[in-house]
Protein chains: 2
Amino acid sequence: MATIKDVAHEAGVSPSTVSRTLHDSSLISQETKAKIWRAMKKLNYSPNFAAQNLANNTSNIIGIILPPDEESVANNPFFGQILQGITSVCNQQAYMVSIATGKDNAELIENVQMMMERGRVKRFIVTFSQQSDDVLEYLDRNNAEYVLIGEPIKNIAETLYVNNDNVAAGNDATEYLFDKGYHYPVYVYENLEEIVQKDRFSGYSHAMERKGKTPLNYQIKKDHTKEKLQEFIDQHPEADSMVACDDIIGVALQNGLLAIHQNLDDYGIISFNNSLFARSTHPSLTSVEIFPISLGMEAAVLILNIDDQDFTRLRSTNFSHVVIPHKIIERESTKNN
Amino acid sequence: MATIKDVAHEAGVSPSTVSRTLHDSSLISQETKAKIWRAMKKLNYSPNFAAQNLANNTSNIIGIILPPDEESVANNPFFGQILQGITSVCNQQAYMVSIATGKDNAELIENVQMMMERGRVKRFIVTFSQQSDDVLEYLDRNNAEYVLIGEPIKNIAETLYVNNDNVAAGNDATEYLFDKGYHYPVYVYENLEEIVQKDRFSGYSHAMERKGKTPLNYQIKKDHTKEKLQEFIDQHPEADSMVACDDIIGVALQNGLLAIHQNLDDYGIISFNNSLFARSTHPSLTSVEIFPISLGMEAAVLILNIDDQDFTRLRSTNFSHVVIPHKIIERESTKNN
C-alpha cells in the first residue's frame, strides 16, 4: 500500500505538501494539487480517513439535512435532484454524503446530533428554509458549518446560502402572462409561511402593482373543495390566468378547474419547478425551471471549500451567497391568448 | 462525559453487556438492550464510533446505492420513499446512511469503492436490480454485505432481498380489469429489460392466458409518437383497457390517447406505484400500491442485523427474502364499465 512518502516522491514534492493537499490547504497551488492528485491516482493511494478523522476530530462526511416534511420529500422531485447535484460533486472529491431525515424538527435535530456526535460530521447542507429555524440554531450552537439551500430568515449576512431569486422569478412569470396577452393573473399557493412561496408571491405582487392591478391570491390546501374554487371563480370573473407556486399545485389547479367543468384552455397557467409533473399533465404546463441539480452542486462546492483560507477571506467581505438563474419553459398551458 | 462503566452501573449490568449491546449482539435479550439504551440516553452516552471503527476496521455507516439512471432518481418518487424508509430505521438505531450515485455503472462502482476504502463502509442496500450485475459483482468480490431491493438475477438462494411479488401484482391488476367488466387489457411498458416491468408482464400474461386470450403489449419510449399509438389502436380494436407498468407510463399513455382524440373514459387504465402522479392526473388512475417506505424499512432491518448470530442461522436455512404485499387503490380510471 502506497504511503504519503511514496506519493511525495512520485509527485516530486515534500510529504508535508501532500498532507496539506489532502486537507485542501489554500497554501498549495491548484497546479501542485493536480499533480499530487494524479500521483495518488497512479499509486492507488487511499488515505486512511478513519485514522485521520480520529486525529482531526472531524470527518470526511458531508451531512445533508432534508426537510421535516415526509410528504414533500417523497413526492417533490426537487429533493431527488438536489441530492444528485450534491452527491455528484462530493463523490468526485472523495467525500461521502450522509442524509438526515425526521418526521418533525425534534426528530430531525436528534438525527443531526447523532451524526455530529457519533460520525463526527461537522459540515452540513440544509436543503430547506422555514420560518422556525430550530435546525439552524442547533447547528450554530454546536459550531457546525453549513450551507443553506434557500433563503435565510435570520443572520442573512453571516449565512452562506445558495438560492434562486424567487422574487424575480415570481415577477418574470407574471410579466410573461401579461406579455402573452392575459389581463388578470391570480397567484395560487399552498402555504405562504414557506419562504419560497412567499417570495414568489412578492414578485407576482410587484408585477401586478406596476400594471396598477390589485394582487389576488387563492389557496389550494389538502382539504380543498371544488365548491370553494367555484365560489372564487364566480367572485372574480376578471381572473383569466394563474401563477401556480409549483407544478404540483399547477396540476391540482387544473384538476380543480376540470371538476367544476371549466375549459382548461380558457385559463393561462404558468407554474414553477419544471418537473415531470409540468411536462406530463394535459395541457402541459409552462413552467419556470429553477435548476435544482445546480443548486445542489453549488452548495456542495461551497461546503467543501469552507475551510479554505481564500474562501474565509471572501466570506469576511461581501460574498455570502450564490444565485442560480431561472428560465421560463414554454408549453401548452399559456398558448391560447 | 459518561463511560461504558457509568452506563453499566445505571442499567445494573456488566460493562461487557453494554459493549455487546453496542454491537447489537444476539446474546443480549431485547429487554436488556432496551434497558441499556435507556441508560445511555439518560446519561447522554455517546460511543466514540471513530475510535471503534478504527478498532473494528468497519463503520457504522450503511451505504445506499441508487440506480445509474439519473432521470429515474430525479423523477420517480419511489426512490425518495425508499430513502425515507431506510433512514428512519437507521437513524433510530444510530447508524448513518450514506448514498452513492453515478451516471453509469462505472461511475457508481467508483463511488462505492470510495465509500469502502475511505469510509470503511462494509454494508450496503442496493435499491435496484438490473440485467447487468456489475455492481453486485463488485460488492461480492470485495466481501461487502448487501441487501437488494428488487429481485436478484443470479445467486438467488444466497442473496438477501426485499421485494414485492411483481408477478402476482401484474396478475392481480389484470384480473381486476376483468372483474370490472373489461374484456381485453393491453400491457403498456417502457423497457422489458427492467426486471420489475418484466415480472409485471409475466403476471399479466398468466392472467390473460387463463382467460384464453393472447397477451398483447405496447411500448411507450421517450421518442414515442402519436402516429404509432394511432396505428396500434387501429390494429387492435379489441383493446378496451390497459395495464400500465407504472404511474408515469400511465400518465404518458393518457396524454397519448388525448393527442389522438380518444375519449379517456372509453379505456380502463390501471397502473402501478400509487404515486402522486396517479392521484393528480385526470381522470385519476387506479393504481397498485407497492409500499416503497416498507421496502426501505425492511431492507434496513435486514442489513442492520446481518451480523447477528440468529440471523446467520436463519440465512443458512431457507430465509433469504422478505415480500412486501401490494394493494389495489381504486380511482376514476376504471369506473366506466
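Proteins come first, then strands; the chains are lettered A, B, ... in the order of their sequence lines, and each starts at number 1. Note that the structure is a prediction, hence the values are computed from the model and not measured. The figures here come from the full heavy-atom set of this structure, side chains too, leaving out hydrogens, waters and symmetry mates.
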Scored by heavy-atom pairs under 4.5 Å with chain B, the best of A/L66, A/T101, A/N255, A/N76 is A/N255
Which of A/Q84, A/M96, A/K103 touches chain B most, by non-hydrogen pairs under 4.5 Å: A/Q84
Steps toward side chain to side chain contact (heavy atoms under 4.5 Å, CB included) verdict (B/V251, A/L276): CA-CA 11 Å; B/V251 172; A/L276 187 54; over 6 Å; no
Does any heavy atom of chain A fall under 4.5 Å from the side chain of B/L258, the backbone, both, or neither of them? side chain
How far does CD1 of A/I62 sit from OG of B/S98, to the nearest 0.5 angstrom? 10.5 Å
Test your reading of the model: is there a side-chain donor-acceptor pair from B/N91 to the backbone of A/A100, 3.5 Å cut-off? no
Decide yes or no on side chain to side chain contact (heavy atoms under 4.5 Å, CB included) for B/R279 and A/N75, but give the supporting numbers first. CA-CA 11 Å; B/R279 280 172 272 155; A/N75 289 321; 4.0 Å; yes
Looking only at A/I293, A/I64, A/I248, A/V73, most heavy-atom pairs under 4.5 Å shared with chain B are made by A/V73
Let me know if B/F79 has heavy atoms under 4.5 Å from chain A in its side chain, its backbone, both or neither. neither
Under 4.5 Å, heavy atom to heavy atom, which residues of residues 104-116 of chain A contact chain B? A/E110, A/N111, A/Q113, A/M114, A/M115
If I measure from the heavy atoms of chain A, does B/L83 come under 4.5 Å with its side chain, its backbone, both, or neither? side chain
For B/A74 versus A/P77, what's the shortest heavy-atom pair and its separation? O-CB, 3.1 Å
Between OG of B/S280 and CD of A/Q254, what distance do you get to the nearest 0.5 Å? 9.5 Å
At a heavy-atom separation under 4.5 Å, does B/S275 approach chain A through its side chain, its backbone, both, or neither? neither
Would you mind checking which part of B/I82 comes under 4.5 Å of any heavy atom in chain A, side chain (CB onward), backbone (N, CA, C, O), both or neither? neither
Are B/R118 and A/N60 close enough, and set up right, to give a side chain to side chain contact (heavy atoms under 4.5 Å, CB included), and what steps lead you there? CA-CA 9 Å; B/R118 305 195 171 176; A/N60 288 277; over 6 Å; no
